[in-house]
Amino acid sequence: MAVVKSLDKADEPWGNLTTVVVDSGLLLNEKSYQRVINALNNMRGIFNKVLFLYHNLEEKAGIGNISSLKDINFDCKFSKDRINDSSIILKDYFYGKNPSLVDKLDAGKKILYLGERRSKFIDTFTPPKGLACHKFYKVVLGTGCPFNCSYCFLQLTFRMTPYVRQYLNLESLFKEIDSIDKIGKPVLLNSGELSDSLAVDPIVKSVEEVIDKISNTCNVSLLLVSKGTNVNHLPDIKNNKVIISASLTTPINAAVFEDRTADPYSRIDALARAKAKGYRIRCRIDPIITYSDNWEEEYSELIDYLFDMVEPEVITLGQLRFYPMLLQFIKKRHPKAGEYFLNATREMGGGGRCRTEFESRAKVYKKIINLIRKKNKEPLMVAPCKEEYRMCNRLQIPFKGCNCI
Ligand code: SF4
């Protein structure tokens, strides 16, 4: 009912989700209870089923109190503790006995889990050893994502809990933000490390509350990163505290290597709309993939369009990099992409990741940087992401900053 049906498919990345799972612990706090109710109301008509997981009698009673759910098809299940939740969701409820990891990963893309974050929302990201990468603050508003990019490292990171998780106990987050604000130094919270920041927000609607909180701090800013186009629901802002960053590629790469993401040119259009609403704009072109014979021309057109529509303050660049184990998953879930990646990333580079060969990688970076330098009038920051120091030296890019700080 509440979802705007005039949006096109790319604007509705939740279209593939079939089941909502609610951690009933959320029902015991008045504010998170209200967020669950609002989200479920926004989702009416989208999901086949809602599953409430309860861990004690108090939580079970909380489910009974939801009178507004009368017309929603829902089940309740007991889970003896939260560590057990994923097994209930994926084995008993969704898939039956003994699903393979690939089955779980596929099933996870159909499930939206509204949960409580029990560990800290905000943490520092420690750069992997041997890579030119900054320490930055990450904020975990959720994990996982309804998009299905073949190269996504989250397939490995969240292989045991592969569903799209959104955390709604935001009062705990707000306390952490207050503590960080009191330190008195500027801090940027990156919400795009473990999820797509905006993919399901039009139905879950937690980001607006976070933006409001951040807007009322002295020192804290927020980075939202997305491969979608969902910015219309975000509020206009009048401060410089929220950055929206689009993750970009060429349309051919998006068609071959990304599943369900928005058309890259539409992502740039969304950046322009976000800019008009008062947001700061960045982007990342990562992973750059030279799959097409015309890759240079295609990236040139993309970069031209980007600068015609918005002037990003930072552009982060990256190229294919995989832990060997991730490549095994990719081969099974995205066979065509997996075969290409296996052939393209034969060099074991820094950070224990398979990468494309150093010299050809340097050439690709140089070409993309030249395309950017041709277009931008002001010197803007271009930074490689999770690259080797020797690459930064080769490109003569001083290791100063990136999207994440
Ligand atoms: S949009 Fe990002 S988080 Fe989502 S599947 Fe693609 S790479 Fe992973």
Side-chain angles (χ1 to χ4, degrees), residues 9-17 101-102 104-113 125 138-167 190-204 207 223-231 244-268 270-271 282-289 291 316-323 325-327 329-330 332-334 336-338 340-341 345 353 385-386 403-404:
K9 201 168 155 240
D11 292 317
E12 293 184 351
W14 51 84
N16 213 48
L17 296 165
L101 271 179
V102 169
K104 286 185 186 178
L105 286 165
D106 290 341
K109 291 287 178 191
K110 297 179 182 159
I111 300 166
L112 175 63
Y113 178 93
F125 174 85
K138 62 179 182 195
V139 58
V140 186
L141 303 179
T143 61
C145 164
F147 299 132
N148 193 23
C149 303
S150 53
Y151 50 76
C152 181
F153 74 95
L154 299 183
Q155 294 171 91
L156 188 59
T157 309
F158 294 112
R159 60 194 178 280
M160 304 315 287
T161 50
Y163 28 83
V164 184
R165 266 196 293 205
Q166 292 284 297
Y167 297 113
N190 179 352
S191 68
E193 182 66 14
L194 299 180
S195 67
D196 186 287
S197 311
L198 293 168
V200 291
D201 196 57
I203 51 176
V204 176
V207 170
L223 173 68
L224 301 163
V225 187
S226 184
K227 280 193 174 76
T229 56
N230 287 322
V231 298
I244 297 193
S245 178
S247 180
L248 298 174
T249 189
T250 64
I252 289 182
N253 285 341
V256 176
F257 300 109
E258 296 177 359
D259 185 15
R260 302 179 203 138
T261 56
D263 162 71
Y265 285 84
S266 306
R267 296 178 216 175
I268 296 175
L271 285 183
R282 295 182 177 180
C283 75
R284 49 185 313 137
I285 306 178
D286 179 15
I288 302 161
I289 308 178
Y291 170 78
T316 301
L317 302 179
Q319 292 192 50
L320 292 171
R321 51 199 181 276
F322 301 104
Y323 288 116
M325 193 176 161
L326 174 57
L327 275 170
F329 285 152
I330 297 174
K332 287 186 179 142
R333 295 194 66 235
H334 308 272
K336 192 175 163 198
Y340 175 79
F341 295 151
T345 59
R353 292 155 165 91
C385 180
K386 297 190 179 88
N403 222 349
C404 305

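For ligands, and for the atoms within them, numbers begin at 1 and follow the listed sequence.
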> Is the closest side-chain donor-acceptor distance between Thr345 and Arg353 under 3.5 Å?
Replying inline: no
>> Does Tyr291 have more than 12 heavy atoms from other residues, nucleotides or ligands lying within 6.0 Å of its OH?
In response: no
>> Testing the basics here: between Pro287 and Gln319, what is the closest heavy-atom pair and its distance to 0.1 Å?
In response: CB-C, 4.0 Å
> What's the shortest heavy-atom distance between Ser195 and Gly144, and which atoms?
Replying inline: CB-O, 3.3 Å
> Out of curiosity, is Leu154 lining ligand 1, as in a heavy atom under 4.0 Å away?
Replying inline: yes
>> Using a 4.0 Å cut-off to any heavy atom of Cys152, which atoms of ligand 1 qualify?
In response: 3 (S), 5 (S), 7 (S), 8 (Fe)
> Which residue owns the protein heavy atom closest to atom 4 (Fe) of ligand 1, what's the atom, and how far is it?
Replying inline: Cys145 SG, 2.3 Å
> Which of the listed options, Arg260, Lys227, Glu258, holds the heavy atom that is closest to atom 7 (S) of ligand 1?
Replying inline: Lys227
> With a cut-off of 2.8 Å, does Cys149 place any N/O/S atom under that distance from atom 4 (Fe) of ligand 1?
Replying inline: no
> When rounded to the nearest 0.5 angstrom, what is the spacing between CG in Leu194 and OG1 in Thr157?
Replying inline: 7.0 Å
